[in-house]
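Report on the structure given below.
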Amino acid sequence: MNTFNKSMIAALVIGATSMSAQASSWENESKDAWIDGKAETVLLMNTNLNNFDINTDVTNGKVVLTGKVDSELDKELAEELVLSLDGVSSVDNKLTVVKNMKAKKMKADKADSAESDLTDAKISTVITTRYLFNSEVGGTDIDVDTDNGVVTLKGTVESDAEKQLAISIAENAEDVRKVIDELTIVAE
């Protein structure tokens with residue numbers, strides 16, 4: 001019987017330890033979730049950071065930051081903000097600095113704009129040249145303006161046939177999206 005009592009006591013101690021470990025695990029998980037929520041909030045509330053590009057993961061009070069920021073200063077700011085929170089034991093800052101994402105986008109937009117301007121100039125030159133080499137169109141009386149592939153024809157022509165030919169030449173030029181006819185027929 002004495003052995004039975006010792007076995008029962010041992011089983012109870014092991015069971016209690018196991019239950020204590022489970023309770024401790026649940027308690028740690030809830031603390032981590034609480035810290036994660038606070039970290040996300042403090043990053044969201046800071047207007048200098050784009051919180052949608054920063055991710056937080058918490059394990060046993062250790063916060064791992066991942067994602068993208070615009071500068072080293074933003075990276076350090078995010079770390080300092082999270083490190084100042086109660087319950088945070090350390091911060092592993094794995095944020096990637098993407099050199100001024102806004103400036104890159106503006107530069108790309110500018111490059112696209114310059115490319116569009118070159119394409120527009122090419123379209124206008126091609127159409128004007130075709131008018132000058134076509135004996136049935138008075139190319140010197142037609143002004144060709146192009147904006148983002150939209151060609152506007154202004155000026156005077158002598159007949160409806162000349163007007164339709166001028167429009168057709170413009171419509172068939174490469175990279176033309178649309179032709180706006182503002183030509184006036186003037187009979188001589």
Side-chain angles (χ1 to χ4, degrees), residues 17-130 143-154 169-182:
T17 304
S18 173
M19 299 226 355
S20 173
Q22 286 178 349
S24 177
S25 173
W26 177 84
E27 194 173 279
N28 286 339
E29 287 176 21
S30 63
K31 281 183 185 177
D32 287 345
W34 180 252
I35 292 170
D36 193 31
K38 288 194 303 186
E40 293 281 343
T41 302
V42 76
L43 293 171
L44 180 66
M45 295 305 215
N46 189 293
T47 58
N48 296 318
L49 298 171
N50 184 356
N51 183 44
F52 299 108
D53 291 333
I54 301 174
N55 301 309
T56 60
D57 291 305
V58 183
T59 305
N60 296 325
K62 181 180 178 181
V63 180
V64 179
L65 298 175
T66 55
K68 300 174 189 171
V69 290
D70 289 340
S71 67
E72 281 293 330
L73 186 63
D74 288 351
K75 181 177 180 176
E76 291 174 22
L77 176 62
E79 182 175 346
E80 299 249 347
L81 288 170
V82 173
L83 196 54
S84 70
L85 297 172
D86 286 337
V88 174
S89 59
S90 66
V91 175
D92 184 7
N93 193 340
K94 294 182 178 181
L95 290 171
T96 303
V97 176
V98 178
K99 295 292 180 193
N100 204 349
M101 292 186 287
K102 292 174 193 166
K104 278 186 177 182
K105 180 167 176 18
M106 286 173 55
K107 190 175 180 180
D109 289 347
K110 216 178 229 186
D112 289 347
S113 176
E115 185 177 327
S116 176
D117 289 346
L118 286 173
T119 301
D120 289 343
K122 178 194 82 166
I123 292 169
S124 293
T125 302
V126 166
I127 294 170
T128 302
T129 303
R130 288 182 182 168
D143 181 42
V144 180
D145 292 317
T146 308
D147 186 21
N148 290 319
V150 177
V151 176
T152 303
L153 302 177
K154 296 179 183 176
I169 289 170
E171 287 173 338
N172 291 310
E174 188 176 336
D175 296 322
V176 172
R177 295 180 327 151
K178 180 181 177 183
V179 175
I180 299 172
D181 170 26
E182 294 182 5

Within this structure, what is the [atom1]-[atom2] distance for the pair [X] and [Y], rounded to the nearest 0.5 Å?
X      : Y      : atom1 : atom2 : answer
Glu174 : Ile123 : CD    : CD1   : 8.5 Å
Lys62  : Ser89  : NZ    : OG    : 8.0 Å
Lys68  : Thr66  : NZ    : OG1   : 11.0 Å
Leu85  : Leu83  : CG    : CG    : 8.5 Å
Asp147 : Arg177 : CG    : CZ    : 8.5 Å
Ile180 : Asp145 : CD1   : CG    : 10.0 Å

Test of understanding: with side-chain hydrogen bond (donor to acceptor under 3.5 Å, both in side chains), list the residues that count as partners of [X], not counting sequence neighbours.
X      : result
Thr56  : Asp36, Glu40
Glu80  : none
Asn148 : Ser116

Taking it one step at a time, do Ile127 and Val151 satisfy side-chain contact (heavy atoms from CB on, under 4.5 Å)?
CA-CA 9 Å; Ile127 294 170; Val151 176; 3.9 Å; yes

Taking [X] for the side chain and [Y] for the main chain, is one N or O donor matched with an acceptor at less than 3.5 Å?
X      : Y      : answer
Asp32  : Gly61  : yes
Ser84  : Leu81  : yes
Lys154 : Glu182 : no
Asp120 : Gly149 : yes

Tested for side-chain contact (heavy atoms from CB on, under 4.5 Å) against Lys94, the lone hit among Asn55, Leu65, Val64, Asp57 is Val64

Go through the steps for Val88 and Lys38 under the test side-chain contact (heavy atoms from CB on, under 4.5 Å), then give the verdict.
CA-CA 10 Å; Val88 174; Lys38 288 194 303 186; over 6 Å; no

Working note: Val69 + Val98, criterion side-chain contact (heavy atoms from CB on, under 4.5 Å); need CA distance, chi angles, decisive distance, verdict.
CA-CA 6 Å; Val69 290; Val98 178; over 6 Å; no

Nearest heavy-atom neighbours spanning Val144 and Ser124
O-OG, 3.7 Å

Got a sec: does the NZ of Lys122 have more than 12 other heavy atoms crowding it under 6.0 Å?
yes

In sequence, state the C-alpha distance, the side-chain angles, and the governing distance for Val97 and Asp70, and then conclude on side-chain contact (heavy atoms from CB on, under 4.5 Å).
CA-CA 6 Å; Val97 176; Asp70 289 340; over 6 Å; no

